[in-house]
Amino acid sequence: MLDINLIVNNTKYVHDALLKKGFDVDFKNVIELYNKRKDLIVKNDELKTEKNKLSASVPVVKKQGGNIQEIFEKVKDLNKKIDEYDAELKKVEEDIRNFLSPLPNMPDDDLLPGEKENNKVIKEFGKKPEFNFKAKDHVELCESLGLIDYERAAKISGRGTWLYTGLGARLEWALLNYFIDTHINDGYKFILPPHILNEESGYTAGQFPKFKQDVFWLEGTEPKKFILPTAETALVNIHRNEILKEENLPEKLFAYTPCYRCEAGSYRTEERGMIRGYQFNKVEMFQYATEKNSKQSFEELVDKACKLVERLGLHFRLSKLAAGDCSHSMARTYDVEVWIPSMGIYKEVSSASNANDYQARRGNIRYKDKETGKIKYCHTLNASGLATSRVLPALVEQCQNEDGSVTIPEVLRKYMGGIEKIYPINK
RNA sequence: GGAGAAGUACCCAAGAGGUCGAAGGGGCUCCCCUGCUAAGGGAGUAGGCUUGUAAAAGGGCGCGAGGGUUCAAAUCCCUCCUUCUCCGCCA
């Protein structure tokens, strides 16, 4: 949620910022509503003051034997007007909210406007692996190594799903354990949240109203509930409607959950295998920060995401996204993109973002400033750390050998009983 | 799923229609006393949103949430949420 005061006082700035995200917003109406709201409050409060005074005088007048009925009538008249103002005020505030809530976050000043074409690669890590044999793609490799069973997954669930089998499941679990252990060592608190969330949680995260179509809704729940599309949705809501202490910030969390997404009609032929699915595993990092330290938190999250991939020995790059390619709720996003040799492209394995106070405003998540004692909105940040469904394909493809085997990265071996290589199974 | 009980400030808790922003503790801050500690004594400290203003003063709203009754609601009524206890059902 954007700050209405900023919109009123600095309209052009906000307008131009949103323009970078491709939103040309006319604020004239909200500003009018905003002024109308103030006007109503002032007038209404005057009436309420009068009413309160009259009401409070009743016991006194009664004692003195004065005319109470007269006061009752006066207050009744006042109440009529107050009710009218209250109703009008409620409507105006609802209108303001309805206007603001679908608007995206403002991008940070240093972001380039526009979409993907303006993303900038900041850094490349490692080198593209060169194969002096015919390299296989991950779908073929996973099948020949017995890691993934797509056909039976389709049978029991449907397309867009897969079954980790045997060493495939162990490899997946090893990745998750590797991520989890790393975060614990870095002092992040491990959270296992519920996967079924209420609608307000989606709203606070900024995913609703925009992405209501993209999550799975449960039937028969009242009030309505949905299955989380990312652990971020749960994590950002932990402190909803709370005032945190500055000395406890930044609060660093991480969670493991599967992510459930409708992704309706988004399949492309290139996205075979597990590049895009209805359910994938992800470890998510999250920080509640102050406005002062959120930049530092962001750097830390980006660095952590990079290190995770780096220690797997994979070739990848880090990109700074242009304003229009940042998530709806985010002021700034860097993507960690891993090289998928068969596709000849880089695919996102981590998206590190700073929402600034956008989500905090929606969820009323605040902290008390130690020095001034003032209440301020938190900054919220998240970064995948990491999503396995892109890492595993990259890993098997980048680490494949001529004999069809795949070498397990060093850091994962302790989670896999010391296995160094996975060999093709004989059918 | 059924039946009960409860939700008041940082915490515990009083309050049962009018002067209640809300007693009393605890905590916290400062001071005194004791060689130090434990203990004791004194004083202070009550949130948040909003309006208003140069800043203030002042005002409005807040006792789980939302409605209602009333001239007047923490207090009465309704709905919902949450927590606890008991019973049932089920992995």
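Letters A, B, ... mirror the listed sequences (proteins, then strands); counts begin at 1.
The side chain of A/V75 approaches B/C71 more closely than any other nucleotide in the set B/C49, B/G60, B/C71. Nearest to the side-chain atoms of A/T49 among the listed nucleotides B/G60, B/U51, B/G48 stands B/G60. Nearest nucleotide to the A/S55 side chain, out of B/G60, B/C71, B/G48: B/C71. Residue A/K38 has its side chain nearest to B/G52 when only B/G52, B/G59, B/A72 are considered. Of all nucleotides listed (B/G52, B/G60, B/G48), B/G48 comes nearest to the side chain of A/K368. The side chain of A/F72 approaches B/C71 more closely than any other nucleotide in the set B/C71, B/C61, B/G48.
Residue A/K43 is out of contact with every strand shown, counting any heavy-atom pair closer than 4.0 Å. At the heavy-atom level, A/V58 lies under 4.0 Å from base atoms of the strands shown. Within 4.0 Å of A/N79, counting heavy atoms only, lie sugar-phosphate atoms of the nucleic acid but no base atom. Looking at heavy-atom distances under 4.0 Å, A/L54 makes no contact with the nucleic acid at all. Across all strands shown, A/K90 has heavy atoms under 4.0 Å from sugar-phosphate atoms exclusively, and none from any base.
Shown here, B/C33 forms no base pair; nothing in the strands shown gives a Watson-Crick or G-U wobble contact with both key distances under 3.5 Å. Pairing of B/A39, defined by two Watson-Crick or G-U wobble distances under 3.5 Å, is not identified with any nucleotide. If you check B/C20 for Watson-Crick or wobble pairing at under 3.5 angstrom, you find it has no partner at all. For B/U85, the paired nucleotide is B/A3, the pair qualifying as Watson-Crick or G-U wobble because both relevant distances are below 3.5 Å. Both distances falling under 3.5 Å, in either a Watson-Crick or a G-U wobble arrangement, place B/C76 opposite B/G68.
Using a 3.5 Å distance cut-off with no hydrogens or angles, the side chains of A/K282 and A/T230 do pair a donor with an acceptor.
A salt bridge links A/D110 with A/R332: the closest approach of a Lys/Arg side-chain nitrogen to an acidic carboxylate oxygen falls below 4.0 angstrom. Using a cutoff of 4.0 Å between basic side-chain nitrogens and carboxylate oxygens, A/K43 and A/D39 are scored as salt-bridged. A salt bridge is absent between A/E247 and A/K245; no separation between the charged side-chain nitrogens and carboxylate oxygens falls under 4.0 Å. Between A/E50 and A/K81 no salt bridge is recorded (no basic side-chain N to carboxylate O distance below 4.0 Å).
Map A/E46 and A/R37 each onto its nearest nucleotide of RNA chain B; the residue landing nearer the 5' end is A/R37.
Comparing the P positions of B/A14 and B/U8 gives an interatomic distance of 11 Å, to the nearest angstrom.
Residue A/R366 places no side-chain N or O under 4.0 Å from the OP1 or OP2 atom of B/G48. Contact check, A/N52 against B/G60: a side-chain N or O comes under 4.0 Å of OP1 or OP2.
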